[in-house]
2 protein chains.
Amino acid sequence: MDLSERQLQILQAIITDFVENAEPVGSRSIAKKYDLGVSPATIRNEMSDLEEMGYLTHPHTSAGRVPSDKAYRLYVNDLMKKKNLSAKDKRMINDRLSASRDEFDRTIRHAAELLSEITQLASFAMTPATNKEVISFIRLLPVDERTLILMIVSEGGHVTNTTLRLNVPYTQEALELLSKNMTVSYKGRTLDDVLKSEIIHDVGSDIEALNSLKGSVMPSFLRTLEDMLNVNLYMEGMTNIFKLPEYTSIDRARDFMELFARKDWFTQKMLAREDGVVVTIGDENDTMKDCSLITATYHVDGKLVGKIGVIGPTRMKYGEVTSIMEYLTNNLSEVFRLPGDTGDGNAGGKK
Amino acid sequence: MDLSERQLQILQAIITDFVENAEPVGSRSIAKKYDLGVSPATIRNEMSDLEEMGYLTHPHTSAGRVPSDKAYRLYVNDLMKKKNLSAKDKRMINDRLSASRDEFDRTIRHAAELLSEITQLASFAMTPATNKEVISFIRLLPVDERTLILMIVSEGGHVTNTTLRLNVPYTQEALELLSKNMTVSYKGRTLDDVLKSEIIHDVGSDIEALNSLKGSVMPSFLRTLEDMLNVNLYMEGMTNIFKLPEYTSIDRARDFMELFARKDWFTQKMLAREDGVVVTIGDENDTMKDCSLITATYHVDGKLVGKIGVIGPTRMKYGEVTSIMEYLTNNLSEVFRLPGDTGDGNAGGKK
DNA sequence: TGTTAGCACTCATTGATGCAGAGTGCTAAT
DNA sequence: ATTAGCACTCTGCATCAATGAGTGCTAACA
């Protein structure tokens, strides 16, 4: 039982209107504003049918209709048309992104800022990181006689470091030895691999000083590896949502904020989403039932995948936002493609 | 015109009561709850005097009294008595802090978490960083033929790194040369010194590849130096404030959140505060007029100074919170003192 | 048979009104 | 100097009626 052309038109009108004004929309105002050539009464009848089919709901008897999650889903799948970005927005994206093109994390953060600025919603961006990332090398650098820096670098150039302060002094030689020792052991392995395997304990040695140092460094090494999995998550424009009528209730607002205070949980959640532009609406998100979430992926050297996203109420300008995100991620992927690379994988990387 | 003993007692009672219940307190309830041996009428008279002197205010004629900023100031200076921490809190602080004692940033973050957990307020912690920090060495590490890591380490072991992606490939030799070259040039100088001076352009060389590489790296070097000034700021428990009655108004809550969205502004603000436990109340903070702010400093190797703080409404348990913060920062400073160090400065550091 | 006008009905919102309760300020008595 | 007593003020809450937006149904219409 498909929807008739007219029903689609009416549904679209209701969605458009509700997205704009955040208030239940009545038959009369639809008839007036959108030129459908039928009377309010007819629209009422159609609305009644649409409600029966689950596309609309009724806050109470004498209120107008509100689109349901199902309606938004239909809209996103079939009705929505991509909006062309304004020249201003395009320019802004181009300029702001390329301004910092040579510094990875900064670029990503700018992207999130841009996204929340343009959409006036809350946004986030995360750097690409997966448990499949491959360790390139490990360095231990001396600071003072008891302090040292542990640094792990992946093949993609992702760096994590920890400053360690030991109880006992170490020797320069032991440090260098361990540094090489560890690089040899772990180079080329994925994070996953290292974290799950027991090889940690394999790297025994006959040199006393080395073993002692190793004993101190290893626990932090593991934690630092885990840190590497904790991608950087930049959140921007969280306070934008306070401006929306759906969040004038303090409880709603608090729930929303608390969701994001749990950064790692949120990160996990987002990493699990599929690639490309993905829209989930209301109930489709098990938590955040009254939010919609749009995520998109960008590529680094045409391969490693990072995520960027927008969160807002289900009442959201899907067409606009997805267009912006598409443009933005394309631009990002472009920025992160090495010159001369055609996108065929990890070009330019170590063999 | 000092306050009489009785006036102080009454004022203290009002503050205690208001801090507890967040509601204007009347003469009758003071007389009942706090055993002052006088009738409500007497208390009323005294309250009237206290109001005239600016210690109390009146939301409206028939409401009870509310302590003013001036009253809180008096309380903090003279009336407040340090509270002994519960054994539970002490144990929690000891355990949680020392669990991660060897990893600096993690410890700091834990400290902020602890603080907001115990006080049920919003808290922050920042790692020590000053423009007086001294550069220890600079490393350039290869990732792939166009990607490299720029790493700056200060004498305190503070690390900042940036991953750079160049337009043209670099050579291994040039990289190593530049690395040494830069270390020689900047080692021992303070951040301030380097950022303000023009020496950046001095490091000319006759090797072509080196100069070209340097041209690409230098702008990022400066930005990375600036990043070093941007201390890490950890904010915790921001959502706690939603539970407070003074922030049930969405506008208040939004103002509060927006303050912290401006991280760098906030950081600057906090760095400017004096050392030790500092309490500023209401109007004493030029922004955040209805908040109180308590900051305290901790030491690293008895020298470098980091900050930790709590933000909440002026109605706050000053005695408790300051005690907690004192205990916590002492503990932190202890954790960050090298074994054997007696606190006489940068012990164990490079000569 | 699909469309529309008309009308009764529903329900949230708004503003006025009145009342209860908490608290003050003043006065007069102790 | 303290206190009891009382008039007065102001908020908060509940009640009530009016308003208006919007539906659902029925009957007329093309």
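By convention in this document, chain letters (A, B, ...) are assigned in the order of the sequence lines, proteins followed by strands, and residues within each chain are numbered from 1.
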Q: Step through the shown structure and confirm whether more than 12 heavy atoms of other residues, nucleotides or ligands are within 6.0 Å of CG on A/Asp283.
A: yes
(Q) Is there a side-chain contact between B/Lys263 and B/Met235 in this structure, where contact means two heavy atoms from C-beta onward sitting under 4.5 Å apart? (A) yes
Q | DNA chain C contacts made by residues 21-29 of chain B, counting heavy atoms under 4.0 Å | A | B/Gly26, B/Ser27
Q. With under 30° as parallel and over 60° as perpendicular, where do the rings of A/Tyr72 and A/Tyr318 fit, or are they tilted in between?
A. tilted
Q. Does the distance from a Lys or Arg side-chain N to an Asp or Glu carboxylate O, for A/Glu20 and A/Lys33, drop under 4.0 Å?
A. no
Q) Short question: side chain of B/Ser123, backbone of B/Ala112 - any donor-acceptor pair under 3.5 Å? A) yes
Q | A/Ser48 side chain to A/Arg44 backbone, donor-acceptor under 3.5 Å | A | no
Got a list of protein N/O to nucleotides 1-4 of chain C N/O distances below 3.5 Å?
unit_1	atom_1	unit_2	atom_2	d
C/dT3	OP1	A/Arg6	NH1	2.8
C/dT3	OP2	A/Arg6	NH2	2.9
C/dT4	OP2	A/Ser39	N	3.0
C/dT4	OP2	A/Thr42	OG1	2.4

With 3.5 Å as the limit, what N/O pairs link the protein to nucleotides 16-21 of chain D?
none

Q.
Can you measure A/Leu50 atom CG to D/dG22 atom P for me and round it to whole angstrom units?
A. 17 Å
Q. Once you round it to whole Å, what is the distance between P of D/dG22 and NE2 of A/His60?
A. 10 Å
Q. If only side-chain N and O atoms of A/Arg65 are considered, is one of them under 4.0 Å from the OP1 or OP2 phosphate oxygen of D/dT23?
A. yes
Q) Rounded to whole angstrom units, what separation is found between the CD1 atom of B/Ile14 and the P atom of C/dG23? A) 12 Å
(Q) For A/Phe266 together with A/Phe124, are the ring centres under 6.0 Å from each other? (A) yes
Q. Side chains of A/Lys83 and A/Thr322: closer than 4.5 Å at any heavy-atom pair?
A. no
Q) Is it true that B/Arg65 and B/Asp17 have a side-chain N and a carboxylate O under 4.0 angstrom from each other? A) no
Q: May I ask you to decide if the ring planes of B/Phe242 and A/Phe242 are parallel, tilted or perpendicular, using 30° and 60° as cut-offs?
A: tilted
Q | Ion pair B/Glu246/B/Arg252, N-O distance below 4.0 Å | A | no
Q. Just how far, in rounded Å, is C1' of C/dG23 from NZ of B/Lys32?
A. 13 Å
**Q.** Gap between atoms CZ and P, on B/Arg44 and C/dG25 respectively (whole Å)
**A.** 8 Å
Q) For A/Ile30 and D/dT23, what is the distance between atoms CD1 and P respectively, to the nearest whole Å? A) 10 Å
Q. Rounded to whole angstroms, how far apart are CD on A/Glu51 and C1' on D/dG24?
A. 12 Å
(Q) Rounded to whole Å, please give me the gap between CG in B/Asp49 and C1' in D/dT2. (A) 14 Å
Q: On DNA chain D, check which nucleotide each of B/Thr61 and A/Gly64 is closest to and give me the residue with the more 5' one.
A: B/Thr61
